[in-house]
Amino acid sequence: MFYDEVKVKFKAGKGGDGCFSFRRAKYEPKGGPDGGDGGRGGNVYIVGDTNVADLTDFYFKPGWQAKNGEPGRGSDQHGANGAHIILKLPVGTVVVDRETDEPLAEVLEHGQKFLLLEGGDGGKGNTVFKSSTNQ
């Protein structure tokens, strides 16, 4: 079977949550904030590839999602960013939004890369809010 038109759902990764944490030490009753930021969510990219003949991979797997960012942790540890997904499409493919029927991208040559969806920002940990006057 040759598939040249498919309906696919793409989803970018969401950002990780920030951490609300305070440093604890034996002789420091008010150690201060030390929560880390959350990681960024993964992006969805499409790339033109002359080695791909049709959209069979997308027919049998109609849902694609990038990884989410990890949450921050205590001790000023930031969460890891989510992995991006790069989808290889045949040259000449047009990506259309199903709701508005508006073309989002058209792959015209080998190696042409488009950012289809951008991942979410990570949340801020409480370390961001400390300053020299507000500790």
Side-chain angles (χ1 to χ4, degrees):
M1 222 46 214
F2 180 80
Y3 297 101
D4 63 345
E5 186 174 327
V6 292
K7 290 184 179 181
V8 183
K9 181 179 178 182
F10 299 117
K11 187 175 179 186
K14 73 177 194 75
D17 296 331
C19 180
F20 183 80
S21 173
F22 287 92
R23 188 174 66 245
R24 303 278 301 178
K26 184 174 182 181
Y27 297 108
E28 278 187 76
K30 297 179 183 177
D34 70 345
D37 298 340
R40 289 186 51 86
N43 298 334
V44 177
Y45 293 100
I46 57 172
V47 177
D49 191 356
T50 55
N51 297 322
V52 178
D54 64 353
L55 300 172
T56 304
D57 295 340
F58 299 99
Y59 181 80
F60 290 106
K61 185 180 177 189
W64 296 80
Q65 179 177 0
K67 297 290 183 185
N68 296 331
E70 290 185 3
R73 294 178 289 279
S75 302
D76 291 324
Q77 295 179 11
H78 301 296
N81 294 334
H84 305 304
I85 56 172
I86 299 172
L87 305 168
K88 295 182 179 180
L89 299 175
V91 175
T93 302
V94 178
V95 179
V96 178
D97 187 356
R98 272 194 270 180
E99 294 176 1
T100 62
D101 288 332
E102 180 181 322
L104 300 174
E106 183 175 3
V107 182
L108 296 174
E109 56 189 45
H110 180 76
Q112 190 175 14
K113 187 175 185 178
F114 290 103
L115 173 64
L116 199 60
L117 295 171
E118 189 173 356
D121 291 333
K124 301 293 182 193
N126 64 345
T127 304
V128 174
F129 302 109
K130 80 176 175 183
S131 64
S132 60
T133 57
N134 183 18
Q135 297 182 8

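Only a predicted model underlies this, so the values are computations on that prediction, with no experimental measurement involved.
For the pair His110/Asp49, a side-chain contact is recorded, criterion being any heavy-atom separation below 4.5 Å from C-beta on.
Under the ring-ring contact (aromatic ring centres under 6.0 Å, His included) criterion, Phe114 pairs with no residue at all, not counting sequence neighbours. Here Leu116 pairs with Phe10, Val44, Ile46, Val95, Leu104 under the side-chain contact (heavy atoms from CB on, under 4.5 Å) rule; sequence neighbours left out. The side-chain contact (heavy atoms from CB on, under 4.5 Å) check on Asp57 picks up nothing, with sequence neighbours excluded.
Listed by chain and number, the hydrophobic cluster partners of Leu108 come to none, as no ILVMFWY side chain reaches under 4.5 Å of it.
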Distance-only criterion, 3.5 Å: show the donor-acceptor pairs between side-chain atoms of residues 79-91 and protein atoms not counting sequence neighbours.
| from | atom 1 | to | atom 2 | distance (Å) |
| --- | --- | --- | --- | --- |
| Asn81 | OD1 | Arg40 | N | 2.9 |
| His84 | ND1 | Asn43 | N | 2.8 |

Q. Should Phe22 and Phe20 be marked as a ring pair (Phe, Tyr, Trp, His ring centres under 6.0 Å) after you check the CA-CA gap, both sets of side-chain angles, and the distance that decides it?
A. CA-CA 7 Å; Phe22 287 92; Phe20 183 80; 5.2 Å; yes
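Contact record, Lys7 with Pro62: O-CB, 3.9 Å, taken as the closest heavy-atom pair. Across all their heavy atoms, Ala12 and Glu118 have their closest contact at CB-O, 3.5 Å. Counting all heavy atoms, side chain and backbone alike, Asp97 lies closest to Thr100 at OD2-OG1, 3.3 Å. Closest heavy-atom contact between Asp54 and Val52: O-CG1, 3.4 Å.
Here side-chain hydrogen bond (donor to acceptor under 3.5 Å, both in side chains) pairs that include residues 11-23, with residues two or more places apart or in two chains, are Ser21-Asp34, Arg23-Glu28.
With hydrophobic clusters built from ILVMFWY side chains whose heavy atoms lie under 4.5 angstrom apart, Trp64 shares a cluster with Val6. One hydrophobic cluster, built from ILVMFWY side chains closer than 4.5 Å, holds both Leu117 and Val8.
A distance of 13.5 Å separates CD of Glu70 from NE2 of His78, quoted to the nearest 0.5 Å.
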